[in-house]
Amino acid sequence: MSDAGAASHMGREPERPRMTRTLHIDFVSDIVCPWCVVGLGGLRTALEALKAEGIEAEITFQPFELNPAMAPEGENIGEHIARKYGSTPEQSAANRAMITERAAEAWPGFEMRMGPDSRIWNTFDAHRLLHWAGTIGRPEQAALKVALFEAHFTEGRVMTDPQVLADAAQAAGLDRAQAVRVLSDGLYAAEVRAEEQQWVSRGITGVPAVVVEGKYLISGGQPAAVFEEALRKIAAS
């Protein structure tokens, strides 16, 4: 190395370690909500991009039931949308196609197969299972959330069937026998009811609702760029 090169090297300030900011995110959602798939895909993509800036997140999945009074046998999606919003079959089909396209953009690799024969389900038991997974750890809860989304939107399974829910738990790497016990014994029902009421009392009336640091709300199935910008601002505040 030449003397000039040595001088230049020795005069350079050592790099400072990048400070990491870990944000707490409550992802309030339902497993039969297609916009929640879009929102989670966008959030995950945004967080992956923000890692380079030292911004990370701990995500806790919180319960919200879109249809708490839904019967165990569920309801055809077209009939449900017509009854709830007055949509025609053509409007319902166009809306499904649009959401499917948005999901493919937000979450590459996730297969959303909503069709005219798809059904909407009561999801209380699924939320009980998610609460249980959360008592084990955030990664376990996140894995179960994805498995439940796949069971409903990709595989079109009966989401009120305890065996289907136990299958999702097993697919997420959780103990199937424990999952069966949670479902059969009615565990965590009171906790889920309390959490649902808490979020409603805080003004959450639709999902997905992404609550950052307990006070910043990002509503709806936003694209990754929207999440990225919002989280960057929050992290800097």
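The chain is numbered in sequence order, starting from 1.
- Other residues, nucleotides and ligands contribute more than 12 heavy atoms inside 6.0 Å of the CZ atom of R202.
- Between I99 and M114 there is a side-chain heavy-atom pair separated by less than 4.5 Å.
- With values rounded to the nearest 0.5 angstrom, I120 atom CD1 is found 11.5 Å from M159 atom CE.
- Between R157 and E150 there is no salt bridge, since none of the side-chain N atoms of the basic residue sits less than 4.0 Å from a carboxylate O of the acidic one.
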Review point. Could you walk me through whether M70 and H80 pass the side chain to side chain contact (heavy atoms under 4.5 Å, CB included) check?
Key: CA-CA 10 Å; M70 181 68 68; H80 176 77; 3.7 Å; yes
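- The backbone N or O of Q91 lies less than 3.5 Å from a partner atom in the side chain of T88, making a donor-acceptor pair.
- In this structure a side-chain-to-backbone donor-acceptor pair under 3.5 Å is present from R128 to V182.
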| task | Show your reasoning for whether side chain to side chain contact (heavy atoms under 4.5 Å, CB included) applies to F110 and V37. | result | CA-CA 9 Å; F110 186 92; V37 174; 3.8 Å; yes
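- Contact annotation: the side chain of V210 never approaches that of L217 to less than 4.5 Å [non-hydrogen atoms, C-beta and beyond].
- By the 4.5 Å heavy-atom criterion applied to side chains, V164 and E155 are not counted as neighbours.
- Contacts of T135 classified as side chain to side chain contact (heavy atoms under 4.5 Å, CB included), with partners at least two apart in sequence or in another chain: H131, W132, Y188.
- L231 and Y216 fall within the same hydrophobic cluster, where Ile, Leu, Val, Met, Phe, Trp and Tyr residues are linked whenever their side-chain heavy atoms come under 4.5 Å apart, directly or through other members.
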_Does T123 form a side chain to side chain contact (heavy atoms under 4.5 Å, CB included) with L66? I'd like the steps, not just the answer._
CA-CA 8 Å; T123 55; L66 287 172; over 6 Å; no
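- At a threshold of 4.0 Å, the pair R232-E229 does not count as salt-bridged, since none of the basic side-chain nitrogens sits closer than that to a carboxylate oxygen.
- When hydrophobic clusters are built by joining Ile, Leu, Val, Met, Phe, Trp and Tyr residues whose side-chain heavy atoms come closer than 4.5 Å, directly or via intermediates, V192 is not grouped with W199.
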One pair to check against side chain to side chain donor-acceptor pair (under 3.5 Å): N122 and T160. What are the steps and the verdict? CA-CA 7 Å; N122 182 295; T160 51; over 6 Å; no
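- With respect to the salt-bridge test (charged N to carboxylate O, under 4.0 angstrom), the residues K215 and E213 do not qualify.
- In this structure, CD on E53 lies 12.0 Å from OG1 on T20, to the nearest 0.5 angstrom.
- The main-chain N or O of Q198 is found under 3.5 Å from a side-chain atom of S201 such that the two form a donor-acceptor pair.
- More than 12 non-hydrogen atoms from other residues, nucleotides or ligands lie less than 6.0 angstrom from NZ of K84.
- By the 4.5 Å heavy-atom criterion applied to side chains, W107 and R44 are counted as neighbours.
- Between P108 and E105, the shortest heavy-atom contact is CD-O, 3.9 Å.
- At least one donor-acceptor pair closer than 3.5 Å links the side chain of R119 to the backbone N or O of E73.
- In terms of modelled atom types and a separation under 3.5 Å, the side chain of Q141 and the main chain of L130 share a donor-acceptor contact.
- One hydrophobic cluster holds both I234 and L40 under the rule that ILVMFWY side chains link at heavy-atom gaps under 4.5 Å.
- Listed here is the closest heavy atom pair of A168 and L148: CB-CD2, 3.7 Å.
- Note that CG of D26 and CD of Q62 are 4.5 Å apart. Values are rounded to the nearest 0.5 Å.
- Here the shortest heavy-atom pairing between C33 and C36 reads SG-SG, 2.6 Å.
- Side-chain atoms of H24 and I59, non-hydrogen and from C-beta on, never get closer than 4.5 Å to each other.
- Atom CG of L47 and atom CD1 of I25 lie 5.0 Å apart (nearest 0.5 Å).
- Cluster annotation: F61 and V146 are assigned to the same hydrophobic cluster (Ile/Leu/Val/Met/Phe/Trp/Tyr, side-chain heavy-atom contacts under 4.5 Å, transitive).
- Between E75 and R83 there is a salt bridge, since a side-chain N of the basic residue sits under 4.0 Å from a carboxylate O of the acidic one.
- Residues T45 and A106 come closest through the heavy atom pair OG1-O, 3.6 Å.
- Annotation for N76 and P116: closest pair ND2-O, 2.8 Å, computed over non-hydrogen atoms.
- Not one N or O on the side chain of S29 forms a donor-acceptor pair closer than 3.5 Å with the backbone of V207.
- In this structure, I204 and V200 have side chains that are not in contact, with every pair of non-hydrogen atoms separated by 4.5 Å or more.
- Residues passing the side chain to side chain contact (heavy atoms under 4.5 Å, CB included) test with Q222 are I218, V226, F227, sequence neighbours excluded.
- Hydrophobic clustering keeps F124 apart from L187 (ILVMFWY residues linked when any side-chain heavy atoms are closer than 4.5 Å, directly or through intermediates).
- Listed for the R21 side chain is a donor-acceptor partner under 3.5 Å among the backbone atoms of A235.
- The shortest side-chain heavy-atom distance between L23 and I55 falls under the 4.5 Å cut-off.
- What you find for A133 and L174 is that their closest heavy atoms are CB-CD1, 4.0 Å.
- Contact check for F27 versus F64: no side-chain heavy atoms found under the 4.5 Å cut-off.
- A donor-acceptor distance shorter than 3.5 angstrom exists from the side chain of D175 to the backbone of A177, with no hydrogens or angles considered.
- Here the NE2-CE distance, from H152 to M112, works out to 8.0 Å after rounding to the nearest 0.5 Å.
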Apply side chain to side chain contact (heavy atoms under 4.5 Å, CB included) to I81 and N95, showing your working. CA-CA 10 Å; I81 296 300; N95 189 52; 5.8 Å; no
Review point. Which is it for R96 and T100 under the side chain to side chain donor-acceptor pair (under 3.5 Å) test, yes or no, and what are the steps along the way?
Key: CA-CA 6 Å; R96 289 196 301 272; T100 298; over 6 Å; no
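- Separation of atoms CG (L144) and CD (Q170) is listed at 12.5 Å; rounding is to 0.5 Å.
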